[in-house]
Amino acid sequence: MCSITDPRLAMIGTAIDELAEAARDEAARTRAGGGRPGTSDTMAERVAAIWAMVADLDPGIAQRLSRYTGEDPQHTTHD
C-alpha cells in the first residue's frame, strides 16, 4: 500500500482504469466485428497523458522516460 496521499495519484488511478475499460471495449468491438485489433491513436494519447501525470508527480521518472521515448523531457509539453 502506498503511503503517499497526493490527489494526483487518484487522478492517475482513475485515468488508468478508464483506459483499461476503453481498451476492453475496443477489443470486444474488434472481436464482434471479426477484425483484428488495431493501434488506436486515442489510446496512445491517453497513455501519454497518464505518463505525463506520473512524470509531474515524480521528476525522476521524467528523466528516465527519455530512455524509452527518445524525447528530451525538458521539451515535452502536456496538459
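Please read these numbers as outputs of a predicted model, since none were measured by experiment.
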| query | Who are the side-chain contact (heavy atoms from CB on, under 4.5 Å) partners of Ala23, not counting sequence neighbours? | reply |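 Listed in chain order: Met43.
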| task | Nearest 0.5 Å please: distance from the CG atom of Leu9 over to the OG1 atom of Thr14. | result |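 Nearest 0.5 Å value for the CG-OG1 distance: 10.5 Å.
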| message | For Met53, run the side chain to side chain contact (heavy atoms under 4.5 Å, CB included) check against Ile50, Asp56, Leu57 and tell me which one passes. | response |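 Going through Ile50, Asp56, Leu57 one by one, the side chain to side chain contact (heavy atoms under 4.5 Å, CB included) with Met53 is satisfied by Ile50 alone.
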| field | Selection residues 14-25 - residue pairs positive for salt bridge (charged side-chain N to carboxylate O under 4.0 Å, His left out), sequence neighbours left out | value |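 Output for this query is empty, none listed.
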